[in-house]
Asker: 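Please see the structure below; I have some questions.
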There are 2 protein chains.
Amino acid sequence: MTNAGKRVLIVDDEAPIREMIAVALEMAGYECLEAENVQDAHSLVVDLRPDMILLDWMLPGVSGIEFARRLKREEATAELPIIMLTAKGEEENKVQGLESGADDYITKPFSPRELVARLKAVLRRATPPGVEETIEVNGLILDPVCHRVMAHDKAVDVGPTEYRLLQFFMTHQERAYSRSQLLDQVWGGNVYVEERTVDVHIRRLRKALGQSHEQLIQTVRGTGYRFSTKAS
Amino acid sequence: MTNAGKRVLIVDDEAPIREMIAVALEMAGYECLEAENVQDAHSLVVDLRPDMILLDWMLPGVSGIEFARRLKREEATAELPIIMLTAKGEEENKVQGLESGADDYITKPFSPRELVARLKAVLRRATPPGVEETIEVNGLILDPVCHRVMAHDKAVDVGPTEYRLLQFFMTHQERAYSRSQLLDQVWGGNVYVEERTVDVHIRRLRKALGQSHEQLIQTVRGTGYRFSTKAS
DNA sequence: GCCCCTTGTCACATACCTGTAACATCCCGC
DNA sequence: GCGGGATGTTACAGGTATGTGACAAGGGGC
């Protein structure tokens, strides 16, 4: 896979733990960066542009969760995958952690194998080919850099979920996806919502796209949905 | 979906809990088996081949985790998905649980909805996607990935049943099938419908294919139908 | 604390699919 | 050509899948 050679930033205030993780990841072919606080971490993110972050929940000064929120808020780093590290007994915060924008979370102590497995999974999900490319279909433009959608040069106002949904569709055109697959791909595997929720977001997306483009999102009855330029 | 009708084995020593889970799963369309200890569970696994197991961590005698390890060691059951049930406060065992081969774990108490959602997710991951090659015959293309039929580059609009019927025919060309064989293969063995219903769907499929391709589906008088490129 | 936006879910409306029956047509042996 | 069984064709009633609008909860900005 293309996973090898990816840069992973490890943020934890305890040096031995960082070290242990770094060793495990390097054995798995990753390149590691380390930071013991949020300030250093931020510099490294800006300067060295890691491909993902392992972020300890408990950090001196600014907490991990706050840092995660900050990263998700900023354009340039919003797409950076984050795995939260939480100590035993903090699991009640799981939901909060995931909602702060983390793509996964893992509880200490964890096995190196589990860590690597999750990291792979998150990287796989987070790396659609050409994330930075703007995609254009029939006058509908999705610009990941500006995080914005245009239909015939007019800005389209879509919510965050609809944006991700559209991005997924535009990077995976023509293929039919079930509601469950969409939940996996767009919502992330760790979230449990009703399948019908997909319908609602499809509806919101179609509405936002307007008459000119809503037919790009086709219903595949009995199966799910498809993004296609060809008429159904 | 194809999730319905899957058999789930519930292993827990407390009858009320088993019952509660069973009710929740049955409402979601699953078939439930129950066992209160590892011995019974093992027999059921061997005899009735469930599609997945909900396994309590704490069991009298052989513990759940040992049972999981055993199942994963044996050839015949290694692929069987397992979800571990753990009581709150046992969370430190999560890693151990996952390493023993469980595909997910869930902490009691849990909501029925979460249970069903996780179960679905695990089953989904465990179900290998079928062959997804597109088949082309005389300009008629069936593309399972896009879930779509094209005749000379024009999309053909077919309902779900006609789609399955066509897919069956295209993967089993040149051979004649009786109505009851088609009902078995396309509708699934356990349905009770009139044989003449096949005729109606054949008719719908032919109509959808249009003049250019309807002759691919040939009537074998006194027997049934056949998909063939050769004129009859 | 208050307000706005987003989100997931529900309830209801609608569109579509399905199986069946009824009738039409075809095919074959006689 | 006739009769009868087999198949083609159409219509329709009921069920299921999807579309749609509304709502309440929750988070973040102020």
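Every chain is numbered from 1 and lettered A, B, ... according to where its sequence line falls, protein lines coming before strand lines.
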Asker: Could you list the residues that satisfy side chain to side chain contact (heavy atoms under 4.5 Å, CB included) with A:E214, not counting sequence neighbours?
Answerer: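 A:E214: side chain to side chain contact (heavy atoms under 4.5 Å, CB included) contacts with A:R206, A:Q211.
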
Asker: Report yes or no: does B:D143 contribute a side-chain atom to a donor-acceptor pair with the main-chain N or O of B:T134 at less than 3.5 Å?
Answerer: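 No; judged by distance alone, with no hydrogens or angles, the pair does not exist.
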
Asker: Name the orientation class of the two ring planes belonging to B:Y163 and B:H147 (parallel below 30°, tilted from 30 to 60°, perpendicular beyond 60°).
Answerer: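 If you compare the ring of B:Y163 with that of B:H147, the planes turn out parallel.
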
Asker: Going 5' to 3' through nucleotides 25-30 of chain C, assign each nucleotide B (protein heavy atom under 4.0 Å from a base atom), S (under 4.0 Å only from sugar-phosphate atoms) or - (no protein heavy atom that close).
Answerer: --B---

Asker: Tell me, please, which residues at least two apart from A:V200 pass side chain to side chain contact (heavy atoms under 4.5 Å, CB included).
Answerer: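 Here the qualifying residues are A:R204.
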
Asker: According to salt bridge (charged side-chain N to carboxylate O under 4.0 Å, His left out), who are the partners of A:E36, at least two apart in sequence or on a separate chain?
Answerer: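 Salt bridge (charged side-chain N to carboxylate O under 4.0 Å, His left out) list for A:E36, sorted by chain: empty.
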
Asker: Using whole Å, what does the distance between atom C1' of nucleotide D:dG19 and atom CD of A:E195 come to?
Answerer: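 In whole Å, D:dG19 C1' lies 17 Å from A:E195 CD.
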
Asker: Taking only N and O in the side chain of A:Y225, is any of them less than 4.0 Å away from OP1 or OP2 of D:dG19?
Answerer: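 Yes, within the criterion.
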
Asker: Whole-Å distance between D:dT18 C1' and A:E194 CD?
Answerer: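 It works out to 15 Å between those atoms.
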
Asker: List in chain and number order the residues that pass salt bridge (charged side-chain N to carboxylate O under 4.0 Å, His left out) with B:R148, two or more places apart in sequence or in another chain; answer none if no residue qualifies.
Answerer: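 Salt bridge (charged side-chain N to carboxylate O under 4.0 Å, His left out) list for B:R148, sorted by chain: A:E174.
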
Asker: List in numerical order all residues of residues 213-220 of chain A for which some heavy atom is under 4.0 Å away from an atom belonging to DNA chain D.
Answerer: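 Those residues whose heavy atoms fall under 4.0 Å from DNA chain D, taken from residues 213-220 of chain A in numerical order, are A:T219, A:V220.
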
Asker: Tell me every residue that passes side chain to side chain donor-acceptor pair (under 3.5 Å) with B:R175, counting only those two or more places apart in sequence or in another chain.
Answerer: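 None.
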
Asker: May I ask you to verify if any side-chain N or O of B:T197 is less than 4.0 angstrom from the OP1 or OP2 atom of C:dT20?
Answerer: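 Yes, because at least one side-chain N or O of B:T197 sits under 4.0 Å from OP1 or OP2 of C:dT20.
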
Asker: I need the full list of ring pair (Phe, Tyr, Trp, His ring centres under 6.0 Å) pairs touching residues 207-231 of chain B, with sequence neighbours left out, sorted by first then second residue.
Answerer: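 Non-adjacent pairs meeting ring pair (Phe, Tyr, Trp, His ring centres under 6.0 Å): B:H152-B:H213.
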
Asker: With respect to the phosphate group of C:dG19, does any side-chain polar atom (N or O) of B:W187 fall under 4.0 Å of OP1 or OP2?
Answerer: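 Yes, such a contact exists.
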
Asker: Is there a residue in residues 204-211 of chain B whose heavy atoms reach under 4.0 Å of DNA chain C, and which residues are they?
Answerer: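 Heavy-atom contacts with DNA chain C come from B:R204.
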
Asker: Would a distance-only check, ignoring hydrogens and angles, find a side-chain to backbone donor-acceptor pair under 3.5 Å from A:R18 to A:D12?
Answerer: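 Yes, because the side chain of A:R18 sits within donor-acceptor range (under 3.5 Å) of the backbone of A:D12.
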
Asker: Starting from P on C:dG8, measure out to CG on A:L165 and report it in whole angstrom.
Answerer: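 After rounding, the gap between these two atoms is 11 Å.
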
Asker: Consider the side chain of B:V193, meaning its heavy atoms from C-beta on, and name the nucleotide among C:dT20, D:dT20, D:dT7 that approaches it most closely.
Answerer: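 Of the options given, the side chain of B:V193 lies nearest C:dT20.
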
Asker: Measure from CG on A:L183 to C1' on C:dG8 and round the result to the nearest Å.
Answerer: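 To the nearest whole Å, that distance equals 11 Å.
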
Asker: Without placing hydrogens or testing angles, list every side-chain donor-acceptor pair under 3.5 Å for residues 154-162 of chain B, not counting sequence neighbours.
Answerer:
from	atom 1	to	atom 2	distance (Å)
B:T161	OG1	B:R164	NH2	3.2
B:E162	OE1	B:G159	N	3.4
B:E162	OE2	B:H201	ND1	2.4

Asker: Can you tell me how far the CD1 atom of A:I53 sits from the CG atom of A:L85, to the nearest 0.5 Å?
Answerer: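 Those atoms lie 11.0 Å apart.
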
Asker: Can you check the B:R196 CZ to C:dA21 C1' distance for me, whole Å?
Answerer: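 The answer, rounded to whole Å, is 10 Å.
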
Asker: Please report how far the helix from C:dG1-D:dC30 to C:dC30-D:dG1 bends, comparing the axis fitted to its first five pairs with the axis fitted to its last five, to the nearest 10 degrees.
Answerer: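 End axes: 30° apart.
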
Asker: Output the rounded distance in Å from OH (A:Y163) to C1' (C:dT6).
Answerer: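 So the two atoms are 17 Å apart, to the nearest Å.
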
Asker: Taking the side chain as everything from C-beta on, heavy atoms only, tell me whether A:L165 gets closer than 4.5 Å to A:I202.
Answerer: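 A side-chain contact exists here, since the closest heavy-atom pair is under 4.5 Å.
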
Asker: Within this structure, what is the NE2-to-P distance between B:H147 and D:dA17, rounded to whole angstrom?
Answerer: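 To the nearest whole Å, that distance equals 14 Å.
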
Asker: Whether A:R179 contacts D:dT18 is assessed here as follows: a side-chain N or O lying under 4.0 Å from the phosphate OP1 or OP2. Is that the case?
Answerer: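 Looking at the OP1 and OP2 atoms of D:dT18, one of them is under 4.0 Å from a side-chain N or O of A:R179.
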
Asker: How far does OG1 of A:T197 sit from CH2 of A:W187, to the nearest 0.5 angstrom?
Answerer: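 Going from OG1 on A:T197 over to CH2 on A:W187, the span is 7.5 Å.
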
Asker: Need one value for B:E162: base, sugar-phosphate or nothing, where a base atom within 4.0 Å counts as base even if backbone is also close, heavy atoms only.
Answerer: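 Contact class for B:E162: sugar-phosphate only.
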
Asker: Figure out the CG/P separation between B:D199 and C:dA22, and round it to whole Å.
Answerer: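 The distance from CG of B:D199 to P of C:dA22 comes to 16 Å, rounded to the nearest Å.
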
Asker: Under the salt bridge (charged side-chain N to carboxylate O under 4.0 Å, His left out) rule, collect the residues that match up with A:R196, sequence neighbours excluded.
Answerer: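 For A:R196, the residues satisfying salt bridge (charged side-chain N to carboxylate O under 4.0 Å, His left out) (neighbours in sequence not counted) are A:D199.
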
